[in-house]
Colleague: 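This is the structure I have questions about; it appears just below.
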Number of protein chains: 2
Amino acid sequence: MILTVTLNPAIDVTYRLPRLTVGEVHRVAEVSTRLGGKGVNVARVLHQLGEPTHAVGLADNDFGRALARELPATFLPELDDVRRTLVVVAESTTSLWEPGHQTAPGADRRLLDLLADRIGEATALTVSGSLAPGVPTDLPARIARLAAAAGVPAILDLDDAALAAAVGTGAVLTPNEDEAARLLGHHPEDPVAAVVELAERHGGPVVLTRGRDGLLAYADGAVWEVRPPAGVSGNPTGAGDAAAAGLARGLAAGSAWPEILRDAAALGAAAVVVPMAGEIDPDAYSSFRTEVSVERIDLRGV
Amino acid sequence: MILTVTLNPAIDVTYRLPRLTVGEVHRVAEVSTRLGGKGVNVARVLHQLGEPTHAVGLADNDFGRALARELPATFLPELDDVRRTLVVVAESTTSLWEPGHQTAPGADRRLLDLLADRIGEATALTVSGSLAPGVPTDLPARIARLAAAAGVPAILDLDDAALAAAVGTGAVLTPNEDEAARLLGHHPEDPVAAVVELAERHGGPVVLTRGRDGLLAYADGAVWEVRPPAGVSGNPTGAGDAAAAGLARGLAAGSAWPEILRDAAALGAAAVVVPMAGEIDPDAYSSFRTEVSVERIDLRGV
């Protein structure tokens with residue numbers, strides 16, 4: 001069973017309108033609502049793939065109860081409310097993201113206790129997304145150490161301070177290029193050099209996520225360049241979460257890195273073609289698996 | 001005690017941003033949330049004035065429980081969720097109104113039973129705003145007849161079909177000029193002729209609400225033109241609800257129509273100067289009461 005951890009859940013709301021005009025009143029005919037947050041999206045993709053998963057995190061009572069009706073989930077009621085992320089789809093897409101709600105004191109300890117209880121059944125663990133206000137910056141790093149102590153592979157999809165705090169934990173880090181540059185303190189001209197520098201500093205695998213350019217990974221002393229199929233377009237939100245689901249599933253199965261990375265890239269691309277984050281297109285996934293290219297990069301020149 | 005009825009409640013959400021740009025992602029720093037709906041706003045104003053009130057309506061469990069912590073309220077849990085009305089305040093104000101949620105079958109009967117239980121304690125009753133999907137169009141009219149049978153004055157602030165169904169109930173109707181024109185089937189050149197035609201068709205008082213131009217009322221065989229103080233500016237949302245609160249309070253007290261109308265117009269103007277609907281500025285209200293003009297219009301020329 002793969003544990004996914006969400007420390008800043010969201011209710012993803014979509015309004016569909018013919019047109020959005022600043023300064024006017026709009027009656028919204030079509031509203032759709034979905035429980036989200038990046039870790040929830042990882043769990044949704046695993047669940048869709050038939051992979052046993054359990055979504056864990058911090059939320060309020062309503063969110064936890066409602067999510068548990070959709071997939072195996074345990075959210076501690078540590079927030080007084082859950083933020084909304086509003087996407088207004090009209091001629092173009094306009095997003096309004098509410099700030100997260102304050103976390104109750106001691107929530108980090110209670111979540112670690114819950115994870116300690118569950119880690120024995122876990123085959124992999126992910127921590128994805130931002131932290132609700134009041135969550136200590138190093139909580140994802142502490143979760144990664146708990147997983148490492150139990151021999152469970154961990155994937156951390158974090159940004160900013162939480163990412164910085166996770167360097168050295170040995171977990172798989174999945175920064176994008178901007179996040180990697182901030183962490184290194186400079187914008188490296190060569191992404192291969194960046195991923196190697198980061199992985200050496202970290203002492204563990206780094207999977208650089210590069211959007212349409214795919215993945216660039218350093219693991220077990222080798223760099224792999226992974227290119228998704230060309231011409232895939234759609235909604236990139238949730239692609240990283242589908243890729244994280246692929247990494248977690250591959251590590252849980254003990255697959256080889258080239259195979260894990262191929263699967264992660266195919267799942268990421270298969271999420272782009274679906275309008276909703278947290279879902280993949282199974283047919284696209286099947287064909288993308290054969291279309292992803294994985295190449296080992298010779299490090300002698302780096 | 002004044003009963004206020006809300007048949008399509010809303011959670012009023014305000015986002016404050018430096019700028020709203022269509023097609024972009026915005027992190028919203030400031031979110032405020034308030035339980036609303038027009039009848040709730042009427043009750044809030046009455047409550048603020050120290051007038052005993054009880055807000056009644058259809059909502060879900062969360063809404064009813066939360067509102068009852070703020071003011072006396074009984075909302076039947078007949079909706080599966082409560083719509084949000086989002087106001088984005090940036091360089092200008094952009095509004096996005098979600099549609100109401102479906103009402104459970106039989107909700108109208110259960111609400112009438114609740115009102116039948118409470119009407120004996122009531123001194124006046126208001127029904128304000130739109131109807132949630134599934135609420136029969138004639139429910140406000142049936143509520144007005146229940147009030148009339150108990151000798152309780154009723155004020156109906158409705159639009160479209162619900163307003164049309166309420167003609168003939170004898171309750172006070174408070175359409176705006178557009179609503180009156182739709183009801184009459186023509187846009188009368190003279191608002192005095194319109195209010196007289198409507199009141200004669202209705203067989204009861206009509207208070208035409210005209211925004212900055214104030215109120216034009218036909219009651220007890222006389223037409224009254226009520227002018228608010230000049231130069232009042234601010235947020236007109238909620239002004240009609242404050243005026244309805246004034247009408248309800250005046251009718252409950254058995255005041256004379258010129259006095260009732262003066263008070264309603266002063267309350268409406270005192271709501272405009274407050275940014276939040278459902279609230280008045282008490283100091284502005286005091287001075288506006290002396291500044292409102294109420295004139296009887298000679299009907300011989302009409």
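Lettering of chains follows the sequences in order, A, B, ..., and the numbering in each one begins at 1.
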Colleague: Counting heavy atoms not belonging to R110(A), are there more than 12 under 6.0 Å from its CZ?
Modeller: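 Above 12, so yes.
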Colleague: Measure E98(A) against the heavy atoms of chain B and call it side chain, backbone, both or neither at under 4.5 Å.
Modeller: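 Both parts, backbone and side chain.
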Colleague: Report, in residue-number order, which members of residues 25-32 of chain A are under 4.5 Å from chain B by heavy-atom distance.
Modeller: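 Expected list: V25(A), H26(A), R27(A), V28(A), A29(A), V31(A).
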Colleague: Can you tell me which portion of D62(A) sits under 4.5 Å from chain B's heavy atoms? Options are side chain, backbone, both or neither.
Modeller: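 It is the side chain, since no backbone atom gets that close.
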Colleague: Picking from V22(B), V88(B), T93(B), what satisfies side chain to side chain contact (heavy atoms under 4.5 Å, CB included) with V22(A)?
Modeller: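 Checked V22(B), V88(B), T93(B) against V22(A); only one passes side chain to side chain contact (heavy atoms under 4.5 Å, CB included): V22(B).
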Colleague: Taking all atoms of both residues into account, what is the closest heavy-atom pair of G23(A) and S92(B), and its distance?
Modeller: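 Closest approach of G23(A) to S92(B), heavy atoms only: CA-OG, 3.4 Å.
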Colleague: For the residue pair T94(A) and T21(B), establish whether any side-chain heavy-atom pair is separated by less than 4.5 Å.
Modeller: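 The answer is no, as the side chains (C-beta and beyond) never meet within the 4.5 Å cut-off.
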